[in-house]
Amino acid sequence: MRRRTDGTLRIAHSARVNPSAKVVVDPISERASSASGRTSSIIASDLLPLLDIACVLLAAAISTALYTQGFSDPNDPDQFASAPWVAAVLAPFILYDRHFGALVSRGRTRHFLRLFAIRFAALTAIVLMLGMVTQTLDRFAFGWVMLWFGASLVLTLLSRALMAKALRTLQHRGAGTQSVAIVGAGPLADRLVAELRQSQPDTVELLGVFDDRDARSKRVRVAPVGDLSHLVEIGKSRQIDWILLTLPPSAEHRLRALVRRLGTLSVPIGLASQHVSTLPYSVVDFAADSVPVILLADRPIKHWNALGKATVDFALCALLIVVLLPLLAIIAVAIKLDSPGPVIFTQQRHALNNKVFRIFKFRTMRWMPPGDAADFRQTTRQDARVTRIGRFLRASSLDELPQLFNVLLGQMSLVGPRPHAIGMRTEDALGVDITERYEHRHRVKPGITGWSQVNGARGATDTKAQLKRRIELDLQYIDNWSLRLDFKILAMTARQLLRGTDAY
């Protein structure tokens, strides 16, 4: 379990319902939030520092123009040049509003703007007092300083008001809707559902209450719409923004089991309880203040990190495809001349949140009809199915190049856990039967290369011990992800390819 150190939970409900109804939600709603919508309030908060820099500099320019026009014998405007730049550098740190998006999502824009104005005025008073005591402001005209501070206040307030209006407009159009699933039927789940209906009804989509236990004998107003398996299946077909557990903190064993089970999805998992204040975890700001929530698990890669990783993937893939296009054409011709069958081999693999996609590879084996039993058998050394050109392609890893198009389609990443074939067996056992953490590797997009591959865990997994080691390396990558680590893995992969590999 990890602490939450940033951001707040932004939730609302997609539709009003009768509080006394027995079943109040549609668990298979097709409404889905876009990536920009899910993080719109966080991105808005992160954009404020850039706006503050612009506002401070613009305010300085406006105040200088007004001051020099209003006085017949103005001071040299050049003397005002240094202070705005110093203030512009400091403004993002002094004025930063971490909870801006959350407060706007909860309809508290006026309250936020009023508090910001008071805070700005207090900071201005402190700066003026310190400037007078230290005589720092003596070189500046007092009238210009007051004009500058006043213009800065107006512009920063205006920028926040416009940003809040844009954010609320997006949320009313459904762009900022957050989908929430509740796990655990009972009185607290009833109370949480009621709270969600009353707070921010425009921006929450309640997927339902899910419980593995027989809840028919319980006195609940909101009956479960499915079990955990149902929730996991929903996670494969659509985005879930939050999973909230409504269990008592004393049920530690069950909480851990639920986090392990639901940890296969790349979804933040929170604990909603009346008693979370007694637990040593960070409390998340929730829409309903009477139901505090703590974070038990979070997405490994999110918000700006996810955007940065996707940008690097797209840019590098586009460049590599252009550069390698002649090589791709030569390989395609060689495969066609070597043996009958298609040039590109496709196979179903697991992706993010256990979704299924078709991976592209250059065909390296003799063509067999789709669904053939041999299709699920791992390749072995001196495998008779491998063609002559296929052996070279596999040894050099050139057969993986078509996966660049999987990356462009958003199904894969350049770096991540390698996607395994669906139904793949090791020692005649499925991965989920070998280690309970097997599916946790699907919390991020699969990759063309990964931490396992550059650490010797490449190729077939002939034994359970080999599979377990690969899973541990994959989870190490997920837990310690950074763009720097991705570039390190890409560099290590290039170095290994130049040295040659023992792949078959």
Side-chain angles (χ1 to χ4, degrees), residues 1-7 35-36 38-39 42-43 46 235 239-243 259-260 262-270 281-282 284 295-317 320 349-355 357 359 400 403-404 406-420 431 435-458 467-496:
M1 298 183 182
R2 295 183 295 174
R3 293 190 179 189
R4 181 181 179 109
T5 58
D6 66 327
S36 60
R38 291 190 305 272
T39 60
I42 297 172
I43 292 177
D46 292 343
Q239 178 69 35
I240 302 176
D241 293 296
W242 276 92
I243 295 177
V259 171
R260 282 197 303 269
L262 298 173
T264 61
L265 300 174
S266 183
V267 179
I269 302 174
Y281 302 109
S282 299
V284 179
L295 192 75
L296 303 181
D298 204 355
R299 286 192 182 92
I301 308 173
K302 59 181 182 177
H303 309 324
W304 290 106
N305 287 333
L307 180 61
K309 184 174 175 66
T311 301
V312 170
D313 283 340
F314 185 85
L316 286 182
C317 275
L320 287 173
R349 301 286 177 99
H350 282 299
L352 177 68
N353 286 336
N354 286 313
K355 295 178 182 177
F357 77 105
I359 195 173
E400 311 286 358
Q403 289 163 39
L404 293 172
N406 285 118
V407 176
L408 285 183
L409 291 173
Q411 299 165 330
M412 295 181 63
S413 176
L414 283 173
V415 181
R418 284 294 297 159
H420 295 167
T435 170
E436 64 177 8
R437 302 185 69 194
Y438 178 82
E439 291 186 333
H440 286 222
R441 66 198 301 273
H442 300 147
R443 296 171 61 221
V444 298
K445 288 182 180 179
I448 297 178
T449 185
W451 186 241
S452 299
Q453 284 62 48
V454 298
N455 281 280
R458 184 177 185 274
L467 180 66
K468 289 181 178 180
R469 180 173 181 268
R470 178 172 296 186
I471 300 306
E472 287 302 318
L473 289 170
D474 288 340
L475 296 181
Q476 284 179 20
Y477 166 78
I478 293 173
D479 292 338
N480 298 280
W481 176 86
S482 68
L483 277 177
R484 181 179 179 181
L485 179 59
D486 274 3
F487 283 117
K488 177 181 178 180
I489 292 172
L490 289 174
M492 293 174 68
T493 300
R495 187 163 56 247
Q496 288 186 2

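Just so it is clear, the structure is predicted and the values come from calculations on it, not from any experiment.
- Tested against His440 for a side chain to side chain contact (heavy atoms under 4.5 Å, CB included), the candidates Ile471, Leu475, Ile478 yield a single pass: Leu475.
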For a side-chain contact (heavy atoms from CB on, under 4.5 Å) check, start with the C-alpha distance between Cys317 and Leu414, then their side-chain angles and the critical distance, and finish with the verdict.
CA-CA 8 Å; Cys317 275; Leu414 283 173; 3.7 Å; yes
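- Without hydrogens or angle criteria, Lys445 side chain to Ala351 main chain gives no donor-acceptor distance under 3.5 Å.
- Side-chain atoms of Asn480 come within 3.5 Å of backbone N or O of Gln476 as a donor-acceptor pair.
- Salt-bridge check for Glu400 with Arg418: passed, with a basic side-chain N closer than 4.0 Å to an acidic carboxylate O.
- Between the side chain of Ser452 and the backbone N or O of Arg470 there is at least one donor-acceptor pair closer than 3.5 Å.
- Looking at Gln403, its side chain never comes within 3.5 Å of a backbone N or O of Met412 through a donor-acceptor pair.
- Heavy atoms only, all atoms of each residue included: Tyr477 and Gly416 are closest at CE2-CA, 3.8 Å.
- At least one donor-acceptor pair closer than 3.5 Å links the side chain of Arg299 to the backbone N or O of Ser266.
- Between the side chain of Lys309 and the main chain of Lys302, no donor-acceptor pair closer than 3.5 Å is present.
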Would Asp486 and Trp481 count as a side-chain hydrogen bond (donor to acceptor under 3.5 Å, both in side chains) if you check the C-alpha gap in whole Å, the side-chain angles of each, and the deciding distance to 0.1 Å?
CA-CA 8 Å; Asp486 274 3; Trp481 176 86; 3.1 Å; yes
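- Note that the CD atom of Glu439 and the CG atom of Asn354 stand 4.0 Å from one another [nearest 0.5 Å].
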Given Asp298 and Arg443, is the salt bridge (Lys or Arg N to Asp or Glu O under 4.0 Å) satisfied, shown in steps?
CA-CA 10 Å; Asp298 204 355; Arg443 296 171 61 221; over 6 Å; no
